[in-house]
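Report on the following structure.
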Number of protein chains: 4
Amino acid sequence: MRTDARRTARPARNAGVTQADDAGPSGVAPRSRREDIIEAAAECFSVAGYDATAMRDIARKTGMLAGSIYYHFASKEEILIAVHEEAVRRIMNHVCAGIDPSASPWDRLLQASANYAEVLVAERKFAEVVVTEFPRRRDDALRAVLVSHRNAFEKVFRDIVDDLPLAPWVDRTLWRLALLSQLAWSVVWYRSKGGKTPAEIAVHMVDLLRRQTEAE
Amino acid sequence: MRTDARRTARPARNAGVTQADDAGPSGVAPRSRREDIIEAAAECFSVAGYDATAMRDIARKTGMLAGSIYYHFASKEEILIAVHEEAVRRIMNHVCAGIDPSASPWDRLLQASANYAEVLVAERKFAEVVVTEFPRRRDDALRAVLVSHRNAFEKVFRDIVDDLPLAPWVDRTLWRLALLSQLAWSVVWYRSKGGKTPAEIAVHMVDLLRRQTEAE
Amino acid sequence: MRTDARRTARPARNAGVTQADDAGPSGVAPRSRREDIIEAAAECFSVAGYDATAMRDIARKTGMLAGSIYYHFASKEEILIAVHEEAVRRIMNHVCAGIDPSASPWDRLLQASANYAEVLVAERKFAEVVVTEFPRRRDDALRAVLVSHRNAFEKVFRDIVDDLPLAPWVDRTLWRLALLSQLAWSVVWYRSKGGKTPAEIAVHMVDLLRRQTEAE
Amino acid sequence: MRTDARRTARPARNAGVTQADDAGPSGVAPRSRREDIIEAAAECFSVAGYDATAMRDIARKTGMLAGSIYYHFASKEEILIAVHEEAVRRIMNHVCAGIDPSASPWDRLLQASANYAEVLVAERKFAEVVVTEFPRRRDDALRAVLVSHRNAFEKVFRDIVDDLPLAPWVDRTLWRLALLSQLAWSVVWYRSKGGKTPAEIAVHMVDLLRRQTEAE
DNA sequence: CATGAATGAGGTTTCATTCAT
DNA sequence: GATGAATGAAACCTCATTCAT
């Protein structure tokens, strides 16, 4: 039979790993614990996958114990959701940056694609979660949440592609998927392979699809 | 993160060895228990992923108990290896079927690509394992085994691509990867979407890359 | 079973000490935080049981956080003690109210029983804790505290029963237990069942026992 | 990142606690593991309560590890259900034993009550679970199961009470509850108190209720 | 007084694996 | 070949408790 009285007075020691980054006057916002956890989880998920990542792994990376994470997140799944959300946010931010709304559709697409390729590499940790964890999750409720995140992102490209002067026979959904697939795949396979920057690869890929399908 | 150090370098038992099913005079090969397990595992892996698949899941699908599997396989990992091997074998068989060695490189590529797209859909269970499980496995010993399977498959395309009359500036490795990526991606996303058959999509994709990079 | 050995004999702090609420001139006693907690805990304990109640549950009901409770109570167990004490106090207050010390023993018993039945229903939250939590606690130190509370209450009935003119063969302890058991049980089972008020049921039950055992 | 290969060849040692009771020719059926677990759980639940009982407690009592229990039961709650079912079965068996269907209703009630009081004491471990765990469980699905067990038992008494020649004003449901409450309570409180056997107490209680309410 | 954050023990459960039968 | 039973490590999660602010 158990008693629940706590036994020993445990001093709340911050066990060595002082996450000291109280930015000070430099202006860099001190990352909250929640953000620390999301960052650590993204890294774990991208390296080992969601299933193979233990709460302890995430905790260790943030200098806490597994149980402590539950103060910030209700479950492991909620962390996945948060990571996925953050990933989409980062990708979107980067993709949309510096796009001139008054530019031609093709120029906007080129810019967005280059941005996308760049962020896929720059934020590979987060990007891989979106690319590789999402398709596997079968739980309906979870899936609905992830899809809702993803829709925000896809809309950016859908809007641009809808504006493109493509030949009438082109299935724009498939066309968009083909482009995004190629770009996304580069995250998984691209390992500083070859001399091209992500942006250059992106331009290349858009070009490929453009010549074929542009309306005359 | 759980350390992945393989304790014993297990040589990929049976790797490359074709499990000769003694079909007998009837002609119809009675599937051995081993093959049943591989089939069941492929399905589980493709639906839930390797990590989320329990031995019990595989066992249930074959009508046995979890413990019984160990008569046929030494470990769960060996099942993954066997599934991966079988997947590559099936893909290869289909990809190479009906290719005329004396045809032009472009024709051979078209044929191989169409075959590839088809088998990715026809054998989705196995194909998904190759496409989605392989990149995640970080364990060196295991990875080496999977890579060795995959090399056999990639050689088919490498050989053809090497024969293609491409412009001198083209990185053939990247070119090949771009093609295979697009095709592979279709497994994950293709859900009888649009009216095109897998083969038609493949022809389309090859065409795209061809016009751009063919030597004059 | 979790061993229940109390590490430190904690004297039941405040046991018996009436927490004088300084009502001030307004006359309406503002319920102190301590009383809020006791009230909330009683409700939780009665609904889910002591073991299944988390500090957080109690805290939420009072609009604080779990940690804040520890300013008012040293441990969860101390809350149980306080709830139990308060429960017995409320029951006693009600049971003794309006009993004429100069009335006949039977009349006093009837009055006390009716009062008891009433308070069991009126203060069900507290009553259930006494009725259902007490018998389960095996820890000796804790049990001693709870028993000491309870003795005060039992004395009321013991005194009355001792005055009753019962036949000499009657075991007065058993007789009292039978009566109290029936009454207490009604808390657990009584759900506005039937048309009788708690007081009517009490009268009925006393009557049953009376006819049988009254000395001639 | 985890690997799941098991490290050490663990000999399946039965760790000292050999539950050797292979009855042999004596004819005593060797209790199955499932029955062992139910027995052990009943004891734990009756002593500490369901919530305060850890799977490890039950396991230790049967000489296994906590995880091993899950081969026999899917969850802790299923154990509670099984214990409750077994408890009701034992009680019913004892209550119904030796009742002459052709006897008068009052005789049948006397017999059943005496049997009931006896089994409550003889099988206190199981009886306490029914008496004290049942009323607390709020989960609807679980509650429905427990109620269904209990109904079988209550029917025995309901049938007898329905046959009794009681005064027309008597609420038979309440009457039955009063009797059963008194009897059940004796399990919790009865500690070889006084010189009466359980059966004698039961007869006494029935008698009390009888004189009052019997139709003339 | 209260909060926010953390601790660490321990809870239930899962699961790859073993092995006698 | 297969089963039944068990193991034990490790997973996710809960919770009483502490303490600086």
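Lettering of chains follows the sequences in order, A, B, ..., and the numbering in each one begins at 1.
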Exercise. Where the side chain of C/L65 is defined as all heavy atoms beyond and including C-beta, which of E/dC15, E/dG4, E/dG8 is the nearest nucleotide?
Worked result: E/dG4

Exercise. Rounded to the Å, how far apart are D/M55 CE and F/dA10 P?
Worked result: 21 Å

Problem set entry | Paired stretches of DNA chain F - 3 or more consecutive Watson-Crick or G-U pairs, each distance under 3.5 Å | E:2-21 with F:2-21

Problem set entry | Rounded interatomic separation in angstrom, taking CG from B/D57 and P from E/dT14 | 12 Å

Problem set entry | Nearest-nucleotide comparison on DNA chain F, the residue closer to the 5′ end among C/S68 and A/A74 | A/A74

Problem set entry | Selected nucleotide, minimal atom distance to C/A54 side chain, candidates E/dT13, F/dA16, E/dA6 | F/dA16

Problem set entry | Options E/dC1, E/dA16, E/dT3, nucleotide nearest the side-chain atoms of C/Y71 | E/dC1

Exercise. Whole Å only: how far is the CZ atom of B/F73 from the P atom of F/dG1?
Worked result: 13 Å

For this session: Could you state the atom-to-atom distance from CD1 of B/I69 to C1' of E/dC19 in whole Å?
Result: 16 Å

Exercise. Is D/D51 salt-bridged to D/R137, going by a charged N under 4.0 Å from an acidic O?
Worked result: yes

Problem set entry | Of the listed nucleotides E/dG10, F/dA2, E/dA2, the one nearest the side chain of D/R56 | E/dG10

For this session: Provide, to the nearest angstrom, the distance between the CD1 atom belonging to A/I58 and the P atom belonging to F/dA11.
Result: 12 Å

Problem set entry | Ring-face cation of D/R143 near D/F134 (centre distance under 6.0 Å, axis angle within 45°) | yes

Problem set entry | C/D51 CG to E/dG11 P, straight-line distance once rounded to whole Å | 12 Å

Exercise. Taking only N and O in the side chain of C/R33, is any of them less than 4.0 Å away from OP1 or OP2 of E/dA2?
Worked result: yes

For this session: Taking only Lys NZ, Arg NE, NH1 and NH2, and the carboxylate oxygens of Asp or Glu, determine whether C/E133 and D/R136 approach each other closer than 4.0 Å.
Result: yes

Exercise. Considering only side-chain heavy atoms of D/Y70, which listed nucleotide, E/dG8, F/dA10, E/dT12, is closest?
Worked result: E/dT12

Exercise. CD of C/E78 versus C1' of F/dT17: gap in Å, rounded?
Worked result: 14 Å

Exercise. Hey, does the side chain of D/R33 reach the backbone of D/T62 with a donor-acceptor pair shorter than 3.5 angstrom?
Worked result: yes

Exercise. Between F/dT17, E/dT17, E/dT13, which nucleotide gets closest to the side-chain atoms of B/K76?
Worked result: E/dT17

Seminar exercise, completed: Residue set satisfying side-chain hydrogen bond (donor to acceptor under 3.5 Å, both in side chains) with C/E43, at least two apart, ordered chain then number -> none

For this session: Using a strict 4.0 Å threshold on nitrogen-to-oxygen distance, state whether B/K61 and B/E39 make a salt bridge.
Result: no

Seminar exercise, completed: Rounded to whole Å, the CG-P distance (A/L80 to F/dC13) equals 12 Å

For this session: Using a heavy-atom cut-off of under 4.0 Å over every strand shown, decide if B/T53 touches base, sugar-phosphate, or nothing.
Result: sugar-phosphate

Problem set entry | Set of residues satisfying side-chain hydrogen bond (donor to acceptor under 3.5 Å, both in side chains) with respect to D/E85, sequence neighbours excluded | none

Problem set entry | Donor-acceptor contact below 3.5 Å, side chain A/K76 vs main chain A/T53 | yes

Exercise. So which nucleotide from E/dT13, F/dT17, F/dC12 ends up closest to the side chain of D/A66?
Worked result: E/dT13

Exercise. Starting at the 5' end of DNA chain F, which residue's closest nucleotide do you reach first, D/H72 or A/G67?
Worked result: D/H72

